[in-house]
Amino acid sequence: MTPRSVETTIAWFTLGLLLVYAPVETWVSWPSGLADPFYLVDVVGFALLLWGAMTSLRARPDVAPGVLCAGYAWSGANGWRALALRIQTLEQGGQVDVTLVWLLVLSEVVALTGLALLLLLVVESRSPSRVEHRRD
C-alpha cells in the first residue's frame, strides 16, 4: 500500500466514523446541555476530524495527513481522559456502565492506531525523496 492509499482509507474511515460518533455523542450529551465544556471538546474533535478528512481527500494525488493527525490526537486525548475518569471512579468504588468502559477502550485502540499511522504518514510526507518529488 502506498502512503496515499493508507491516508485515503483512514480519511474515508474517519468520515464514516463521524456519521456515528457525532450524533451519538450529541444525543448522550443533550441532557447536560450542548454548551457543556466536555461536549465542546468533542465538537472541536469532530471539526478537526472532518477538516482533516476533507483536506486529505482533496490533496490527491499528494498526501496531507497533518490536520487529520491533529484530529486523531485531539480525539484520542479526549477519549483517554474519559476512560481514565471512569477507571478512577471504579477504583474509588463508584458505579460505571461497564459497556461504556469497553466502548471507550475500543475507541482508544482505534484512535491510537489511527494516530500512529497518521504520524508515520506525516514523517513520510516530510522525507527528502517525497519533498524532492513535489518540487519537480
Side-chain angles (χ1 to χ4, degrees):
M1 290 183 84
T2 66
R4 177 69 251 172
S5 66
V6 171
E7 186 179 341
T8 298
T9 301
I10 294 171
W12 281 113
F13 173 79
T14 302
L15 291 174
L17 188 69
L18 278 171
L19 288 174
V20 174
Y21 173 42
V24 168
E25 190 63 38
T26 301
W27 179 69
V28 169
S29 300
W30 194 274
S32 60
L34 299 185
D36 183 277
F38 292 111
Y39 177 70
L40 295 177
V41 170
D42 284 317
V43 171
V44 172
F46 302 156
L48 284 170
L49 290 168
L50 179 61
W51 179 26
M54 298 309 294
T55 299
S56 171
L57 293 172
R58 285 189 192 128
R60 290 180 169 166
D62 208 1
V63 293
V67 179
L68 191 54
C69 186
Y72 270 79
W74 181 279
S75 298
N78 184 38
W80 191 266
R81 180 212 43 84
L83 179 59
L85 179 64
R86 280 151 183 92
I87 290 171
Q88 182 181 38
T89 300
L90 284 172
E91 287 174 344
Q92 294 173 349
Q95 290 195 333
V96 175
D97 182 357
V98 177
T99 304
L100 178 61
V101 172
W102 283 110
L103 184 60
L104 286 168
V105 168
L106 177 63
S107 298
E108 277 307 296
V109 168
V110 169
L112 295 176
T113 300
L115 177 60
L117 289 170
L118 288 161
L119 284 169
L120 289 171
L121 288 171
V122 167
V123 170
E124 170 64 24
S125 71
R126 294 292 177 207
S127 70
S129 63
R130 185 163 285 286
V131 172
E132 285 299 319
H133 179 282
R134 270 191 234 144
R135 290 185 187 154
D136 292 342

Drop me the distance from [X]'s [atom1] to [Y]'s [atom2], to the nearest 0.5 angstrom.
X: L121; Y: I10; atom1: CG; atom2: CD1; answer: 5.5 Å
X: T14; Y: F46; atom1: OG1; atom2: CZ; answer: 13.5 Å
X: L18; Y: L49; atom1: CG; atom2: CG; answer: 5.0 Å
X: L68; Y: E7; atom1: CG; atom2: CD; answer: 7.0 Å
X: S75; Y: L112; atom1: OG; atom2: CG; answer: 11.0 Å
X: E124; Y: T2; atom1: CD; atom2: OG1; answer: 10.0 Å

Determine whether [X] and [Y] make a side-chain contact, defined as any pair of heavy atoms from C-beta on separated by less than 4.5 Å.
X: L83; Y: V105; value: yes
X: V123; Y: L119; value: no
X: F13; Y: V110; value: yes
X: V43; Y: E25; value: no
X: L50; Y: L15; value: yes

*If only atom types and distance count, is the side chain of T113 paired as donor or acceptor with the main-chain N or O of V109 below 3.5 Å?*
yes

*asked:* So does G52 get a backbone contact from the side chain of T55, meaning a donor-acceptor N/O pair under 3.5 Å?
replied: no

Quick check on the hydrophobic clustering: are [X] and [Y] connected, directly or via other members, by side-chain heavy-atom contacts under 4.5 Å?
X: L117; Y: M1; answer: yes
X: L17; Y: V6; answer: yes
X: V28; Y: V20; answer: yes
X: V41; Y: F38; answer: no

Which atom pairs, one a donor and one an acceptor, fall under 3.5 Å between side chains of residues 85-94 and the rest of the protein, sequence neighbours left out?
{"residue": "R86", "atom": "NH1", "partner": "A82", "partner atom": "O", "Å": "3.0"}
{"residue": "T89", "atom": "OG1", "partner": "L85", "partner atom": "O", "Å": "2.9"}

Which pair of non-hydrogen atoms, one from [X] and one from [Y], has the smallest distance, and what is that distance?
X: G76; Y: A111; result: CA-CB, 3.8 Å
X: G71; Y: L48; result: CA-CB, 3.6 Å
X: R60; Y: T8; result: NH2-CG2, 2.7 Å
X: P3; Y: V63; result: C-CG1, 4.1 Å

*Going by atom types alone, do R4 and S56 pair a side-chain donor with an acceptor below 3.5 Å?*
yes

*May I have all residue pairs that pass side chain to side chain donor-acceptor pair (under 3.5 Å) and include part of residues 32-50, sequence neighbours excluded?*
Y21-D42, T26-Y39, D42-N78

*asked:* Strictly by ring pair (Phe, Tyr, Trp, His ring centres under 6.0 Å), give each pair with a member in residues 71-103 just once, sequence neighbours left out.
replied: none

